Amino acid sequence: MSQETQCRDIQEDHKRFVEPLGDFNRTHTCGELTTADLKKEVRLCGWVQFRRDHGGLIFVDLRDRAGLSQIVFIPEVAPEAHEKAHILRSEYVLALEGYVRARPEGMANPNMVTGGIEVVVRSWRLLNTSKTPPFLIEDRLDPGENLRLEHRYLDLRRPRMNSALIMRHKITQSVRRYLDEGGFIEVETPILTKSTPEGARDFLVPSRVNQGEFYALPQSPQIFKQLLMVAGLERYFQIARCFRDEDLRADRQPEFTQIDIEMSFVNEDMVMHMAEGLMARVLRDVFGKDLVLPFPRMTYDEAMRSYGVDKPDTRFDLRLQEVTDIVKGSDFRLFATAPLVKAMRVPGGETLSRKEIDEFTEYVKIFGAQGLAWIKIRPDEWQSPIAKFLSETERAGLKEALGLEVGDIVFFQAGAPEMVNAALGNLRVRLGEHLGLIPEDLHNFLWVTDFPLFEYDQEEKRWVACHHPFTQAQGDPEAMVADPASARARAYDMVLNGTEVGGGSIRIHNAAMQRSMFAALGFSPEEAESQFGFLMQALEQGAPPHGGIAFGLDRFVMLLLGLGSIRDVIAFPKTQKAGCLLTRAPAPVSAKQLRELGLALREKPGE
RNA sequence: GGAGCGGUAGUUAAGACGGUUAUAACGCCGGCCUGUCACGCCGGAGGCCGAGGGUUCGAGUCCCUUCCGCUCCGCCA
């Protein structure tokens with residue numbers, strides 16, 4: 001007889017004990033009982049976490065959302081209840097009546113919140129049986145993620161996952177309270193909307209009524225929230241689902257949630273002030289922490305110069321420094337010819353082993369680096385594969401510029417600026433983690449400002465908007481067209497511990513300016529009109545100056561809970577191949593459905 | 001589109017050098033047990049080693065193909 005058969009027989013057999021809930025009304029949660037509740041008559045509901053059947057006494061840890069309570073079946077107290085309790089198995093659901101008493105001398109469990117008490121069962125009823133779960137409902141074990149996602153309802157039953165969703169709820173409610181009190185109006189915008197040419201790939205939904213035409217799911221409510229400003233709402237927010245059909249990452253899902261905010265009659269400082277207040281409110285409401293306001297600000301240029309990335313982790317103090325000029329005459333050809341050479345001094349890094357350095361070298365290759373040059377500053381010598389190429393002048397120059405001291409290691413990267421910054425900037429974070437330089441439990445908020453307005457798209461051979469095409473340029477709009485490379489945007493990102501958690505901008509509220517923006521992006525007037533005519537018409541109807549910001553809620557919650565994957569704060573996430581292992585979405589549809597939509601598949605799946 | 005890691009009992013893992021009957025822990029089933037708390041003790045069941053093909057006297061182990069999960073690059077205004 002197979003195990004499965006055995007289990008099924010047992011649980012099938014136990015089903016005859018199942019009773020209806022009836023008018024049973026629970027009085028307490030399993031997590032809340034303490035010695036303050038002694039002698040109380042209580043009614044509890046929950047799931048069997050552990051069963052310890054001594055033949056005589058039977059102990060069960062009963063679990064509900066709030067926690068665990070030990071319940072005990074005692075033959076002398078309730079013979080019937082005790083006799084029946086032998087059938088209890090993991091994850092059976094039950095309801096019980098009993099009384100709270102202190103555990104006998106020396107039997108308290110200091111590891112449990114409710115460890116001082118136990119509930120003596122007078123009577124109980126089995127509400128449902130459970131097949132043996134595919135994995136134990138426990139925090140300290142971690143089954144494979146595919147298994148967890150296939151049985152997500154069981155995975156979420158684990159206290160850690162359960163509480164992540166509860167924390168997410170608390171954060172969301174705190175956000176809602178803050179914004180409501182600040183006069184923001186929550187408005188829902190369409191999920192079925194129009195595809196836009198800029199930005200990420202759209203999810204498309206075919207229209208049955210208008211065959212051959214498609215809705216797009218929104219990448220963000222951007223245009224609608226601007227239209228709400230034109231509509232005179234003045235202050236809007238939405239906890240908005242957004243969709244982007246791009247490849248996934250640990251912190252990226254095809255559908256995700258933004259805290260989307262827009263305000264009229266504001267400048268950058270006003271939006272940032274509001275956003276800082278929001279963060280402070282959430283941290284205080286949910287974590288009892290006070291933030292120092294305002295947050296520090298850093299320009300994009302400074303971030304790229306000193307940290308190599310546009311979302312610097314300033315919890316630790318390693319910095320990149322350009323040394324191009326110092327080594328431009330070097331015998332080391334790579335240094336002499338590279339358009340950019342940057343160095344990162346790591347105090348005390350001289351102790352890094354060859355093996356560790358090799359691992360870092362492999363790491364930077366991910367970002368296109370050919371290798372990783374390094375110098376260990378020893379008392380007697382500079383130990384380095386490239387030491388022999390460095391002249392006395394170059395050594396002196398590096399020593400002075402970088403402030404080198406004995407015990408340091410310096411890493412170098414030379415080549416195209418994007419590669420140099422990406423390689424060293426990411427290596428910087430890796431080193432920070434590796435060397436334990438990052439303080440824990442710190443909420444290090446930072447604004448990054450003065451982003452470029454455009455960046456050049458090599459593939460499309462045109463300028464594209466860094467933020468989005470509705471962002472105002474700083475200063476003279478004419479200059480934006482004349483010199484796109486140096487135009488700056490009225491845009492700002494909020495960074496938390498080296499991760500972008502939000503970004504926004506002051507928008508264009510002038511139709512002519514919006515037209516010239518589209519022109520700068522290479523749209524013909526006709527294209528601009530057909531794609532965004534409705535927006536420009538709206539801007540011509542008394543659009544107020546406005547701006548806003550949007551926060552990635554999932555990522556934000558993940559960071560605040562100290563988790564490494566966005567999937568752990570989303571109830572039913574997708575896998576890296578954008579599938580749902582629970583429902584098996586996406587899935588083929590019937591020929592009839594396709595016919596109704598006027599669609600035909602170019603190839604049959606699987607052929 | 002690309003790089004890397006992984007898939008062995010219900011679960012988590014060991015086995016990787018090609019060579020007896022594929023290990024362990026937990027879980028599961030049966031028995032015993034009145035103070036356990038990840039209870040304990042005794043006994044037992046449980047495997048197409050992700051799938052397909054190949055090399056070989058012989059494949060969990062080597063080769064090819066493929067599926068699935070994860071991390072990353074590209075991508076993500």
Side-chain angles (χ1 to χ4, degrees), chain A residues 1-11 49-61 68-77 82 89-90 103-112 114-115 118 131-151 196-202 219-220 222 242-254 256 362-369 419 422-423 426 430 451 453-455 457 459 463-471 489 491 500 503 505 517 521 552 564-565 567 574-577 579 581:
Chain A
M1 187 190 284
S2 78
Q3 180 195 353
E4 202 175 316
T5 319
Q6 288 174 1
C7 295
R8 198 186 306 128
D9 285 350
I10 272 212
Q11 288 136 5
Q49 177 75 44
F50 299 115
R51 169 190 57 133
R52 294 178 292 278
D53 187 339
H54 289 228
L57 289 175
I58 299 174
F59 298 98
V60 165
D61 289 338
L68 292 175
S69 264
Q70 172 166 292
I71 62 176
V72 55
F73 299 85
I74 306 175
E76 290 79 8
V77 173
H82 173 266
R89 296 291 185 277
S90 281
R103 297 199 192 178
E105 191 78 25
M107 300 298 164
N109 184 344
N111 300 319
M112 284 175 77
T114 61
E118 61 191 4
K131 283 188 177 180
T132 303
F135 50 87
L136 289 178
I137 311 302
E138 276 199 79
D139 280 346
R140 59 173 173 268
L141 303 172
D142 241 329
E145 192 151 9
N146 46 356
L147 193 70
R148 292 173 53 202
L149 291 174
E150 269 172 43
H151 306 274
T196 53
E198 295 285 283
R201 190 177 295 115
D202 284 319
Q219 298 180 26
S220 90
Q222 181 59 36
C242 304
F243 306 85
R244 293 177 191 176
D245 190 4
E246 298 290 348
D247 287 349
L248 285 73
R249 287 284 192 284
D251 62 353
R252 243 195 266 163
Q253 283 273 306
F256 60 100
E362 285 307 304
Y363 180 65
V364 295
K365 285 180 181 171
I366 293 172
F367 303 96
M419 182 281 290
N426 285 289
R430 183 104 169 177
F451 279 82
L453 189 61
F454 302 108
E455 59 191 340
D457 187 317
E459 274 181 31
W463 293 95
V464 297
C466 265
H467 187 57
H468 55 54
F470 317 109
T471 300
E500 182 199 328
S505 63
M517 169 58 82
L521 292 171
S565 165
R567 295 184 298 278
K574 306 275 190 292
T575 68
Q576 195 161 35
K577 288 194 67 184
L581 295 180

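Proteins come first, then strands; the chains are lettered A, B, ... in the order of their sequence lines, and each starts at number 1. Just so it is clear, the model here is predicted, and its values are computed rather than measured.
In terms of modelled atom types and a separation under 3.5 Å, the side chain of A:Q49 and the main chain of A:I137 share a donor-acceptor contact. Counting only distance, with no hydrogens or angles, the side chain of A:H468 and the backbone of A:F470 share a donor-acceptor pair below 3.5 Å. No donor-acceptor pair under 3.5 Å is formed between the side chain of A:T471 and the backbone N or O of A:S505. Remark: the backbone N or O of A:A200 is paired with a side-chain donor or acceptor of A:Q219 at under 3.5 angstrom. Checking side-chain atoms of A:R52 against main-chain N and O of A:V60 turns up no donor-acceptor pair under 3.5 Å.
The nucleotide B:G74 finds no pairing partner, because no Watson-Crick or G-U wobble arrangement with both distances shorter than 3.5 Å includes it. Nucleotide B:G69 forms a Watson-Crick or G-U wobble pair with B:C5, both donor-acceptor distances falling under 3.5 Å. In this structure, B:G47 forms no base pair with any nucleotide, since neither Watson-Crick nor G-U wobble geometry is met with both distances under 3.5 Å. Look at B:A25: its Watson-Crick or wobble partner, with both distances under 3.5 angstrom, is B:U11.
When the nucleotides B:G69, B:G27, B:C76 are ranked by their closest atom to the side chain of A:T575, B:G69 comes out on top. Of the candidates B:C73, B:U71, B:A38, B:U71 carries the atom nearest the A:Q576 side chain, counting heavy atoms from C-beta on. Counting only heavy atoms from C-beta on, A:R51 has its side chain closest to B:C29 among B:C33, B:U71, B:C29. Of all nucleotides listed (B:G35, B:G69, B:U71), B:U71 comes nearest to the side chain of A:A250. Side chain of A:P143, nearest nucleotide from B:G69, B:A38, B:U12: B:U12. Closest to the A:E145 side chain, of the nucleotides B:G69, B:G30, B:C73, is B:G69. For A:Q70, the side-chain atoms get nearest to B:C37 when compared with the rest of B:C37, B:C75, B:U71. Distance from the side chain of A:R567 is smallest for B:C70 among the nucleotides B:C37, B:C70, B:G69.
Contact annotation: A:T132 does not reach the phosphate of B:G10 (side-chain N/O to OP1 or OP2, under 4.0 Å). Note on A:R148: every side-chain N or O is 4.0 Å or more away from OP1 and OP2 of B:U12. Contact annotation: A:R52 side-chain N/O to B:C39 OP1/OP2 distance is under 4.0 Å.
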Mind listing the N/O atom pairs, protein and nucleotides 13-16 of chain B, below 3.5 Å?
none

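Residue-to-nucleotide contacts include a donor-acceptor pair under 3.5 Å from the side chain of A:R249 to the base of B:G74. No hydrogens or angles were tested; on distance alone, a donor-acceptor pair under 3.5 Å links the side chain of A:D247 to the base of B:G74. Contact annotation: side chain of A:R252 to base of B:C76, donor-acceptor pair present below 3.5 Å.
Atom OH of A:Y363 and atom C1' of B:C72 are 8 Å apart (whole Å). The distance between atom CE of A:M107 and atom P of B:C37, rounded to the nearest whole Å, is 10 Å. Atom-to-atom, CG of A:L136 to P of B:A9 comes out at 16 Å; the value is rounded to the nearest Å. Atom C1' of nucleotide B:G69 and atom NE2 of A:H151 are separated by 14 Å, given to the nearest angstrom. Distance CG (A:D245) to C1' (B:G74): 15 Å, rounded to an integer number of Å. Rounded to an integer number of Å, the gap from A:E246 CD to B:C73 C1' is 14 Å.
Pairing each heavy atom of A:A250 with each of A:G564, the nearest pair is CB-O, 3.9 Å. A:V364 approaches A:A423 most closely through the heavy-atom pair CG1-O, 3.8 Å.
Under the stacking definition used here (centres under 5.5 Å, planes under 30°), the residue A:H54 fails to qualify as stacked on the base of B:U36. Stacking is found between A:F59 and the pyrimidine-like six-membered ring of the B:U36 base under the 5.5 Å centre-distance and 30° plane-angle cut-offs.
Across all strands shown, A:L141 has no heavy atoms under 4.0 Å from either base or sugar-phosphate atoms. At the heavy-atom level, A:R430 lies nowhere under 4.0 Å from the strands shown. Within 4.0 Å of A:S220, counting heavy atoms only, lies at least one base atom of the nucleic acid. In this structure, A:A369 reaches neither bases nor backbone, as no heavy-atom distance under 4.0 Å exists between it and the strands shown. Base engagement by A:E118 is indicated by at least one non-hydrogen atom pair under 4.0 Å involving a base atom. A:F367 comes within 4.0 angstrom of the backbone, heavy atoms only, and of no base. Note on A:N109: a base of the nucleic acid sits closer than 4.0 angstrom, heavy atoms only. Contacts of A:L581 with the nucleic acid, taken as non-hydrogen atoms under 4.0 Å apart, involve only primed sugar atoms and P, OP1 or OP2. Residue A:K577 is classed as a sugar-phosphate contact, given heavy-atom separations below 4.0 Å to backbone atoms only. Residue A:P75 is in base contact, counting any heavy-atom pair closer than 4.0 Å across all strands shown.
Take the nearest nucleotide of RNA chain B for A:R103 and for A:P134: the residue whose nucleotide is more 5' is A:P134. Looking at which nucleotide of RNA chain B each of A:L147 and A:R89 is closest to, the 5′-most match is held by A:L147.
B:C64 and B:A59 have their C1' atoms separated by 15 Å, with the value rounded to a whole Å. Taking atom P in both B:C73 and B:U56, the straight-line distance is 44 Å, to the nearest Å. B:G15 and B:U8: their C1' atoms are spaced 9 Å apart (whole Å). To the nearest whole angstrom, the two P atoms, one in B:G10 and one in B:G46, are 11 Å apart. Taking the C1' atoms as reference points, B:C33 lies 10 Å from B:C39, given to the whole Å. Atom name C1', nucleotides B:G47 and B:G7: the rounded distance is 15 Å, in whole Å. Here the separation of B:G50 from B:U61, taken at their P atoms, is 8 Å to the nearest Å. Across B:A25 and B:G18, the matching P atoms stand 29 Å from one another, rounded to whole Å.
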> Can you check side-chain contact (heavy atoms from CB on, under 4.5 Å) on A:T132 and A:R89, steps first, answer last?
Replying inline: CA-CA 8 Å; A:T132 303; A:R89 296 291 185 277; over 6 Å; no

>> A:E246 vs A:R244, test: salt bridge (Lys or Arg N to Asp or Glu O under 4.0 Å). Steps then yes/no.
In response: CA-CA 6 Å; A:E246 298 290 348; A:R244 293 177 191 176; over 6 Å; no

>> side-chain contact (heavy atoms from CB on, under 4.5 Å) for A:W463 and A:L453? Distances and angles first, verdict last.
In response: CA-CA 9 Å; A:W463 293 95; A:L453 189 61; over 6 Å; no

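Anti is the conformation of B:C33, whose glycosidic angle sits further than 90° from 0.
Scanning for side-chain contact (heavy atoms from CB on, under 4.5 Å) contacts around A:D245 gives A:R201, A:F203, with sequence neighbours left out. Remark: A:P104 engages A:M107, A:E118 in a side-chain contact (heavy atoms from CB on, under 4.5 Å) (not counting sequence neighbours).
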